[in-house]
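Since the model is a prediction, treat every value here as computed from it, not as a measurement. So you know, we letter chains A, B, ... as the sequences are listed, proteins then strands, and number each from 1.
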Amino acid sequence: MGGWAAWQLKTFFNDTRFFEHVSDKGPNWIREKKTVFCPGKRSSPDRALAAENPLPRVDTKMGATARRLAVTMEITLKLAPSLSDLVGNKEKLFLSIEQGASLEKLLKMVSDEYPAFKAHGLYTPPNISDDVIIFINGDNVRHLNYLDTELKSGDMVYIIPLLAGG
Amino acid sequence: MIIDRPESHFIFVLPWAHVHMEYNYINFNGTPLTNREYLDSWGKWILFGTREEFDALVENLDPFVEQKVIPAIKYDRKPIAEFGLGKCVMCIFCHVEKKEAVWKILLSQGVENENRAWIFERETVAMWQPGGRLLESWISGNGLSQEQADKMRENAKEKFKRMFEDENAIFKGIDQ
């Protein structure tokens, strides 16, 4: 890796330092130096290097993206086959929603995005239709906090017709 | 063993010992459940699929049923037209405290994790009571007259009353 590029990457990560380690490789025991990034405190030689080369300002665009990613979470919404036409015949939707959002907020978001979902009436504020069962990670939301159930990143929301529960 | 009787709407997977001997698959760690325990703790994972998919899946699940790790399975021979689901439904039954272990088995046989849907049997029983969505959908889907519908509702009410009258009696199962 070129020296200038290495310096750029090194200074971009505020608390990183280079690790140099030696790996054995191949039957001829060719020893190859590798340099990798590792979070941690700066070593003394790095502090000296940092003093000579002050840190550049963090790119604001990257900072804004990082900030946006940190406040949203990913939720999977799946609908039973007989309901998938409500969301454009997709059985699964991967949705980004703000951290700590409730189930109600998710359903409202989907209703706004898909008119057929809204028209079906499976979610009519402040109730869930009696014709469906909604699960979060397999648990019926009627046993959780209903529409106020707080979602977590990676949650799976699954909607099936109630008639399937027989 | 897979029990496929053409006269039945459902195909069952039950332990051989339950069919031919005195073994009761509705148990927790070998102890049969009472009516109360059944309503409190028994339930099922629900899956959607085609008949062919389920036939293939139960071939792989049957050994787990014989080992009594999965208590029982049932699935539709064909989709129930009156319910308009478009797919067959499979129920994989177990005690609520065993449901995660059973789910892991299902995952190992190719079931996707997004299909997690657990329903307690008490919820299903309620749906087959007068006014319950399943019973009322069945009545309207079969075009029953008012008299026939009332008779069916009365029969359902009496049936479940008889079944669960004594909450401490050992649960005997539901005729299907």
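- For the set A/V157, A/D131, A/N140, the entry with the most heavy-atom pairs within less than 4.5 Å of chain B is A/D131.
- Note on B/I3: it does not cluster hydrophobically with B/V58, by side-chain heavy-atom contacts below 4.5 Å among ILVMFWY residues.
- Within the 4.5 Å cutoff, side-chain heavy atoms of B/I119 are placed close to those of A/I133.
- In B/Q67, the CD atom is crowded: over 12 heavy atoms of neighbouring residues, nucleotides or ligands sit closer than 6.0 Å.
- Heavy atoms closer than 4.5 Å to chain A are found nowhere in B/E121, neither backbone nor side chain.
- Taking both residues in full, the closest heavy atoms of B/G84 and A/S82 are given as O-CB, 3.8 Å, listed atom of the first, atom of the second, then distance.
- There is no contact between A/I136 and chain B, counting heavy-atom distances below 4.5 Å.
- By the rule that hydrophobic residues join a cluster once side-chain heavy atoms approach within less than 4.5 Å of another member, A/V132 and B/F120 end up as members of separate clusters.
- Using a 4.5 Å cut-off on side-chain heavy atoms (C-beta onward), A/M156 and B/N115 make no contact.
- Proximity to chain A (any heavy atom under 4.5 Å) is shown, for B/W118, by both the backbone and the side chain.
- Under the 4.5 Å side-chain contact rule for hydrophobic residues, B/L134 and A/F135 share a cluster.
- Within a 6.0 Å sphere centred on NZ of B/K68, heavy atoms belonging to other residues, nucleotides or ligands number more than 12.
- There is no path of hydrophobic side-chain contacts, each under 4.5 Å, that joins B/M1 to B/F64.
- Taking the side chain as every heavy atom from C-beta outward, A/I160 and B/F48 approach each other to under 4.5 Å.
- Heavy-atom minimum distance, A/N137 versus B/R116: O-NE, 2.8 Å.
- The environment of CZ in A/R142 is crowded: more than 12 heavy-atom neighbours from other residues, nucleotides or ligands sit within 6.0 Å.
- The neighbour count for B/K157 NZ, taken as heavy atoms of other residues, nucleotides or ligands under 6.0 Å away, does not exceed 12.
- Nearest heavy atom pair, residue A/A164 against residue B/V89, reads O-CG1, 3.6 Å.
- Residue-environment remark: CD (B/E7) exceeds the threshold of 12 foreign heavy atoms within 6.0 Å.
- Contact annotation for B/E112: only side-chain heavy atoms (C-beta onward) come within less than 4.5 Å of a heavy atom of chain A.
- Most heavy-atom pairs under 4.5 Å with chain A, from the set B/A117, B/C91, B/G86: that is B/A117.
- Proximity to chain A (any heavy atom under 4.5 Å) is restricted, for B/I46, to the side chain, taken from C-beta onward.
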